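Reading through the structure tokens given below for one structure.
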Amino acid sequence: MIIKAPIDLELTQVSGQTSQPPWKYIDDSYSDLVCIDGEPSIFNVKQTDEYVDFTYTGNVSEKTAIENVKKIYDLDFDLDKFYKYLDSYDELKDMSKFCNGLRLFQAKDPFECIISSICSANNSIKRWTKSIDDMKLKWGRNFNDYYSFPNPSNFKELYLDDDEELLNEGNIKNNNLKSCGVGYRAPYMRKASDIFTLEIDLSDIYKMSYDEAFETILEVPGVGPKVADCILLYGFGFRQAFPSDVWIKRIVSYLYFDGKDIKVEKVREFGMDEFGDYAGYVQLYMFHYARMSGLMDKLKK
DNA sequence: AACCAGGACTCTG
DNA sequence: CAGAGTCCTGGT
């Protein structure tokens with residue numbers, strides 16, 4: 001069925017949001033496994049004019065399926081209103097042209113988002129998405145050749161590297177975290193899964209205020225301010241998060257501070273104060289505007 | 001083949 | 001407390 005909310009699906013898929021890697025792309029449509037209360041379902045989305053054509057298989061009601069696809073692609077967000085907001089500021093008014101139809105790509109599995117976000121730190125989009133896809137293939141459950149992301153209790157049992165696997169198994173079958181190319185992040189990930197099985201209940205995060213959730217998620221090893229904001233934005237829908245890294249710093253500095261070098265921490269505060277509940281979207285649009293408009297190349301020097 | 005990009009963490013002053 | 005150095009991998 002067509003869901004009447006304008007979107008650019010491809011742009012949304014390839015924009016590197018750390019909720020998850022892009023979905024499987026076959027015959028102009030994107031599909032992936034979505035588990036709803038433990039019930040596996042295959043979601044399929046296809047660009048039709050400016051809208052999404054959505055189909056699914058699995059034992060879930062149509063109402064529930066639609067709720068979930070709307071959540072993942074943030075289809076209830078009013079893009080037109082957001083574009084009016086962008087257009088009303090000199091610094092932001094070019095952005096909607098370069099990113100038309102870009103929406104938040106929200107987590108279908110918050111734990112997958114946490115590991116993806118840890119994996120994305122000091123890394124490239126291409127590399128972290130491949131690592132996550134590798135993990136799904138190795139340790140996820142297979143439903144018709146779609147793979148779930150392993151849950152925290154599966155995850156904490158994984159070996160870190162070849163040495164540990166050899167010691168325990170007597171041979172190496174690349175059945176360890178480092179074999180997915182995550183490097184020094186492997187111990188962070190395993191400790192993180194420990195925390196989410198023992199100390200933090202994922203469902204509690206939804207009930208917290210932004211500040212409380214930020215402080216809580218910062219306790220997780222491998223999670224600093226940037227990664228915490230990605231987790232809160234893409235994993236838990238906290239739109240007021242403004243994930244700030246070197247690129248956002250360069251862009252904000254160029255647009256608002258006359259190119260002056262500012263601390264990333266200040267950029268985060270600035271973004272949250274200035275943009276409020278649009279902070280997450282503005283961050284997303286800034287990054288892609290910079291990519292598409294050539295501003296990024298200009299700022300490299 | 002040496003060098004660089006990318007956040008979090010740890011160590012130093 | 002700020003600033004510097006280190007971590008791993010894939011790309012040049």
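As the structure is a prediction and not an experimental result, all values here were calculated from the model. The figures that follow rest on heavy atoms only: side chains count, while hydrogens, waters and symmetry mates do not. Chain identifiers are assigned alphabetically (A, B, ...) following the order of the sequence lines, protein sequences preceding nucleic acid strands; residue numbering begins at 1 within each chain.
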By ring-ring contact (aromatic ring centres under 6.0 Å, His included), which residues pair with A:Phe287, not counting sequence neighbours? none

Considering heavy-atom distances to DNA chain B, does A:Gly222 or A:Arg250 have its closest nucleotide positioned more toward the 5' end? A:Arg250

Under 4.0 Å, heavy atoms only, any strand: does A:Lys130 hit a base, just the sugar-phosphate, or nothing? nothing

Residue whose nearest DNA chain B nucleotide is more 5′ - A:Leu218 or A:Trp247: A:Trp247

In this structure, are over 12 heavy atoms from other groups packed under 6.0 Å from A:Asp27 atom CG? no

Between which nucleotides of DNA chain B, read 5' to 3', does contact with chain A run, using atoms under 4.0 Å from its heavy atoms? B:dG6 to B:dC9

State whether the number of non-hydrogen atoms from other residues, nucleotides or ligands found under 6.0 Å of A:Asp201 atom CG is greater than 12. yes

Can you tell me which residue among A:Asp277, A:Asp76, A:Asp74 is in a salt bridge (Lys or Arg N to Asp or Glu O under 4.0 Å) with A:Arg239? A:Asp74

Please set out all donor-acceptor pairs under 3.5 angstrom arising from side-chain atoms of residues 220-238 of chain A, sequence neighbours excluded.
residue	atom	partner	partner atom	Å
A:Asp229	OD1	A:Tyr210	OH	2.5
A:Asp229	OD2	A:Arg268	NE	2.9

The criterion is ring-ring contact (aromatic ring centres under 6.0 Å, His included); which residues satisfy it with A:Phe43, sequence neighbours excluded? A:Phe54

Can you tabulate the close N/O pairs, meaning under 3.5 Å, that link protein atoms to atoms of nucleotides 7-9 of chain C?
residue	atom	partner	partner atom	Å
C:dT9	O4'	A:Arg127	NH1	3.2
C:dT9	O2	A:Arg127	NH2	3.2

Check whether any side-chain N or O of A:Lys126 sits under 4.0 Å from OP1 or OP2 of C:dG10, and answer yes or no. no

Need the bend value for the helix from B:dA2-C:dT12 to B:dG13-C:dC1: angle between end axes, 5 pairs each end, nearest 10°. 40°

Which label fits A:Phe257 and A:Phe270: parallel for a plane angle under 30°, tilted from 30 to 60°, or perpendicular past 60°? perpendicular

Flag this pair as yes if the NZ/CZ of A:Lys46 is under 6.0 angstrom from the six-membered ring centre of A:Tyr30 and inside a 45 degree cone about the axis; otherwise no. no

Check this for me: does any side-chain nitrogen of one of A:Glu112 and A:Lys108 sit under 4.0 Å from a carboxylate oxygen of the other? yes

If you draw a 6.0 Å radius around CG in A:Asn144, do more than 12 non-hydrogen atoms from other residues or ligands fall strictly inside? no

Looking across every strand, which nucleic acid part, if any, lies under 4.0 Å from A:Val227 by heavy atom: base, sugar-phosphate, or nothing? sugar-phosphate

For A:Phe155 together with A:Phe149, are the ring centres under 6.0 Å from each other? yes

